[in-house]
Amino acid sequence: MESKMTPENSQALLEFTQSTIYLMGASFVLGSLFTLFLLLVLDFVRRNKTGNEQ
């Protein structure tokens, strides 16, 4: 079984790979920002909760 990689197939595969890498990077950045935002919100909630009791 012979696999023929034409220049068109190679270019399409390269573009797909680049898009996948960009998508992975963007999801990492967005996930990190969301986690940071969630931690900040939880910290403010905890600080306000303990601040009102004292």
Side-chain angles (χ1 to χ4, degrees):
M1 192 156 101
E2 204 174 304
S3 165
K4 295 184 180 178
M5 183 61 77
T6 64
E8 293 83 15
N9 288 346
S10 177
Q11 185 65 28
L13 186 61
L14 178 64
E15 290 174 5
F16 178 73
T17 303
Q18 286 177 342
S19 298
T20 303
I21 291 171
Y22 285 136
L23 181 63
M24 290 170 58
S27 65
F28 174 76
V29 169
L30 286 175
S32 298
L33 289 175
F34 179 73
T35 303
L36 184 62
F37 174 72
L38 189 63
L39 289 173
L40 284 171
V41 168
L42 289 174
D43 188 43
F44 280 122
V45 168
R46 183 178 56 93
R47 188 174 62 173
N48 289 339
K49 193 179 216 181
T50 57
N52 292 338
E53 293 173 0
Q54 293 178 349

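Keep in mind that this is a model prediction, so the values were computed, not measured. Below, each value reflects all heavy atoms present in this structure, side chains not excepted, and no hydrogens, waters or symmetry copies.
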Partners meeting side chain to side chain contact (heavy atoms under 4.5 Å, CB included) with V41 (sequence neighbours left out): F37, V45
Is it true that, when you exclude M24 itself, more than 12 heavy atoms of the residues, nucleotides or ligands shown sit nearer than 6.0 Å to its CE? no
Can you measure from OG1 (T35) to CG (L40) and round to the nearest 0.5 angstrom? 11.0 Å
Which heavy atom of K4 sits nearest a heavy atom of N9, and at what distance? O-ND2, 4.0 Å
Taking only residues two or more places apart in sequence or in another chain, which ones pass side chain to side chain contact (heavy atoms under 4.5 Å, CB included) with L14? Q11, Q18
Distance (rounded to the nearest 0.5 Å) between E15 CD and S10 OG: 10.0 Å
How would you list all residue pairs meeting salt bridge (Lys or Arg N to Asp or Glu O under 4.0 Å) that involve residues 37-46, not counting sequence neighbours? D43-R46
Less than 4.5 Å apart, any side-chain heavy atom of T17 and any of I21? yes
